[in-house]
Amino acid sequence: MAKILVLYHSFYGHIETMAQAVAKGAREVAMQVDVKRVPETMPDEAFRAAGGKANQAAPVAQPAELANYDGIIFGTPTRFGNMTGQMRTFLDQTGSLWMQGALVGKVGSVFTSSATQHGGQESTILTFIPTLLHQGMVVVGLPYSEQRQMGLDEIKGGSPYGASTIAGGQGERQPSEQELGMAAFQGKHVATIATKLFG
Ligand SMILES: Cc1cc2nc3c(=O)[nH]c(=O)nc-3n(C[C@H](O)[C@H](O)[C@H](O)COP(=O)(O)O)c2cc1C
């Protein structure tokens, strides 16, 4: 059975909540599921001024740790339609893993959040994927067998590229039951594929 890492950056807590749902789904299948976050790189003053959420529960990951897992599910809020600088800075420290081919053949997957419904969820995941491919990872999304992404019953995140949530302009909206369900599905789906590859 596979070892899965859910690795996230969250500034206001939405992705942190989604990460726990992803991990819950992965735990249905995987032998080991760890939830870790990337270091916060924003200067303290700017972090406080922007109302960042401190004291997040997950331990901070080291780049070298990625090699210990069979599947890695990355969570990042959108920043202008891309991953956050904090996640980018972490990934930019994985050059030696790339040189060793340490992540080649491992499963990679991405989930995200944005303030607005069309604020760049798909572009954030799609612009994340080249990094996974450069690392030689097998990219997995959120297949349409997770049918909650099809429904028009409520405004919600979720696409074939990955689970997502809509936080609202002031961060006032929390991930809905359906969004958390899609996140759990993605976690289980990645863990299932990683188990087939490595279990
Ligand atoms: C500098 C900056 C840029 C952002 N860019 C976007 C954007 O392009 N589209 C959008 O919908 N939300 C944007 N947001 C809102 C964040 O994506 C939102 O706060 C985040 O998804 C909430 O997740 P978190 O609670 O895990 O931090 C931006 C926020 C900041 C601070």
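Heavy-atom basis, side chains included; hydrogens, waters and symmetry copies ignored. Numbering starts at 1 and runs along the sequence shown. Atoms within a ligand are numbered from 1 in the order they appear, just like the ligands themselves.
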Practice prompt. Under the side-chain hydrogen bond (donor to acceptor under 3.5 Å, both in side chains) rule, what do Q121 and T112 come out as? Steps first, then yes or no, please.
Written response: CA-CA 6 Å; Q121 297 189 349; T112 191; over 6 Å; no
Who else is in the cluster with [X] when I, L, V, M, F, W and Y are joined by side-chain contacts under 4.5 Å?
X	value
W98	M99
M150	Y144
M87	L5, L7, V38, L66, Y69, I72, F74, M83, F90, L91, L97, L103, V110, I125, L126, F128, I129, L132, L133, M137, V139, Y161

Worksheet item: Of K156, R148, E146, Q149, which is the lone residue that meets side-chain hydrogen bond (donor to acceptor under 3.5 Å, both in side chains) with Q178?
Response: K156
Fill in: Residue from V29, I193, I4 passing side-chain contact (heavy atoms from CB on, under 4.5 Å) with K188
V29
Worksheet entry | Pocket residues of ligand 1, ordered first by chain and then by residue number (heavy-atom cut-off under 4.0 Å) | S10, F11, Y12, G13, H14, I15, P77, T78, R79, F80, G81, S113, S114, A115, T116, G119, A167
